[in-house]
2 protein chains.
Amino acid sequence: MSDLLAHKPISASVGDYLKAIWNVAGSGSASTNELSEHLSVAPGSVTRMLGRLREMGLADYEPYHGASLTERGRREALRLVRRHRLIETFLLEHLGYPLTDLHEEAERLEHAVSDGFTERLADFLGHPGRDPHGDPIPAADGTLTPEDSLPLSEAEAGRRVRVSRVSHEEPATLAYLAENGLIPGRLLKVEEVRALDGVVTVEDEYGTCHTLGGALARSILVRNL
Amino acid sequence: MSDLLAHKPISASVGDYLKAIWNVAGSGSASTNELSEHLSVAPGSVTRMLGRLREMGLADYEPYHGASLTERGRREALRLVRRHRLIETFLLEHLGYPLTDLHEEAERLEHAVSDGFTERLADFLGHPGRDPHGDPIPAADGTLTPEDSLPLSEAEAGRRVRVSRVSHEEPATLAYLAENGLIPGRLLKVEEVRALDGVVTVEDEYGTCHTLGGALARSILVRNL
DNA sequence: CAAGGAGATCAGACATACCTAAAGAAGTCT
DNA sequence: AGACTTCTTTAGGTATGTCTGATCTCCTTG
Ligand SMILES: [Mn+2]
Ligand SMILES: [Mn+2]
Ligand SMILES: [Mn+2]
Ligand SMILES: [Mn+2]
């Protein structure tokens, strides 16, 4: 009888779909194919799940027109993102995990920890505002500080900038960027942003130059100095 | 083709069944009903799962004659027990969890952490030999130190003993025992062990007497001094 | 405006894991 | 031995989440 109030916890799959929609859609909407790609799942599976998310009141979905999160869906997604980022912080700072392995472990643990665990962990960590990749950690009440950085791909040549976020999931990319010192906090001078192919050239604090492809430059966020 | 070598990770359910068999069977075998009870699952579900555990080579099972773990099954069970007890230790010592809430959280987390996490956590904790309830933590290689304590129910009247394990899962029981100071490390004098109903009376270090029912006395382990 | 093709949905399966109800096996008591 | 009771298994269903292959829609392009 209390089915409408029970609000039983969402499953790991549902949670990952919500996060995917949040990541992909931004303020707009996410297509079946984008989600299929992002989640490494067949398109048919996505269609089925979007139907269920709509039934559950977590997503708005019109067949053939993509999906976006409802207010409840957004809350659930941000709850997971908070957990994920706090867990990554713990893994790096206290268990000595390599930067490259944080994501995979957090991707599983985020579904297993309780709210109680999460808040105790936040306490233990001293309530960090950002995770090891520089990504902001949503507050317990679902508030997320608005982004104040811009993608390196949109920086202006000649400008001096500081890297604020290197938000990647693939270990290989992460390892490459870390080896080249392209990590949050690093100072860079933008040498060139080529309009043609989006390739960006930067010089770091030690005078070394780095050339980054368009996709990579788009996912490194910086602040102008 | 490499199905025989792949050894894909076991599911949370399978893991919990293996732990249940390990707990219930000891060196003998576990019956369908005992497992059904222990796991709060219908008997029919247990029968189905025992068939699957046999297929997977994790349990020996003859219909109508109970189940016991194979060597592989025992290894998997102990791997989970190690994780569970390390996690409980972390939750209590570093996150300040109440003693009563450790088990529930660990019961979920044990299935989500990797071997890498587990060993890094063991390092972080300083390789503890026992968890907060006094239960021994299996080594990474699957070794478990043999029990050297005896149940309070089998202690001799007049003997002075030290509590070594208070291995309970129900929060209410745990809370009661903690309130009465019946925790690992505590010194007791055995006043009476009544053969009739197994009720045990003990006097603690402060002269206070405690009377414990048979079931409770059987699950508190002590060492003679 | 009529094709084509990319993208999406539908239909049918499979795997896991649970439940209930009915039927079968084992051991106990007379 | 026969009857009972208790434990177990079987049978048939539900729920979640995935895949493949067939079909349908929509937009772009000629
Ligand atoms: Mn991550
Ligand atoms: Mn995840
Ligand atoms: Mn426990
Ligand atoms: Mn468990």
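What you see below is based on every heavy atom in this structure, not just the backbone, and it leaves out hydrogens, waters and symmetry mates. The sequence lines fix the lettering, A, B, ..., with proteins before strands; numbering per chain opens at 1.
- The nearest heavy atom of DNA chain D to A/Met56 and to B/Val46 marks one nucleotide each, and the one closer to the 5' end goes with B/Val46.
- When each of C/dT9, D/dT16, C/dT20 is scored by its nearest atom to the side-chain atoms of A/Tyr61, the top-ranked nucleotide is C/dT9.
- Whole-Å rounding puts the A/His65 NE2 to D/dC26 P distance at 6 Å.
- Here the P atom of nucleotide C/dA8 and the CZ atom of A/Arg54 are 16 Å apart, to the nearest Å.
- When only modelled atom types and interatomic distance are considered, A/Ser31 and A/Asn33 share no side-chain donor-acceptor pair under 3.5 Å.
- Contact annotation: A/Ser13 reaches the phosphate of D/dT18 (side-chain N/O to OP1 or OP2, under 4.0 Å).
- With respect to A/Glu88 and A/Arg85, no salt bridge is recorded, no charged nitrogen being found less than 4.0 Å from a carboxylate O.
- Side-chain nitrogen and oxygen atoms of A/Asn33 include none within less than 4.0 Å of the OP1 or OP2 phosphate oxygen of C/dA6.
- Donor-acceptor pairing under 3.5 Å is lacking for the side chains of B/Asp131 and B/His84.
- Remark: A/Ser45 is not in phosphate contact with D/dT18, judged by side-chain N or O atoms under 4.0 Å from OP1 or OP2.
- Applying the 4.0 Å criterion to OP1 and OP2 of D/dT18, one finds that A/Tyr17 has a side-chain N or O inside that range.
- For a distance-only test at 3.5 Å, the side chain of A/Arg48 qualifies as a donor-acceptor partner of the base of D/dT18.
- Judged purely by distance below 3.5 Å, without hydrogens or angles, the side chains of A/Ser29 and A/His65 never pair a donor atom with an acceptor atom.
- As judged by a 4.0 angstrom heavy-atom cut-off over every strand, A/Pro63 is placed among residues touching the sugar-phosphate backbone only.
- Among the protein residues, A/Thr47 comes within range of the nucleic acid bases, having at least one heavy atom under 4.0 Å from a base atom.
- Contact between the side-chain N/O atoms of A/Ser31 and the OP1/OP2 oxygens of C/dA8 is found at a separation under 4.0 Å.
- In this structure, the CD atom of A/Glu37 is 16 Å from the P atom of C/dA6, given to the nearest Å.
- Spacing between atom CD of B/Glu62 and atom C1' of D/dC7 amounts to 17 Å, rounded to whole angstrom units.
- Heavy atoms from other residues, nucleotides or ligands lying under 6.0 Å from CD of A/Glu62 number 12 at most.
- Atom-to-atom, CG of B/Leu58 to P of C/dT16 comes out at 13 Å; the value is rounded to the nearest Å.
- The nearest whole Å value for the distance from the CG atom in A/Asp16 to the P atom in D/dG17 is 11 Å.
- What separates OH of B/Tyr64 from P of C/dG24 is a distance of 10 Å, to the nearest Å.
- Proximity of A/Thr32 to the phosphate of C/dT9: a side-chain N or O atom is located under 4.0 Å from OP1 or OP2.
- Atom C1' of nucleotide C/dA17 and atom CG of B/Leu35 are separated by 16 Å, given to the nearest angstrom.
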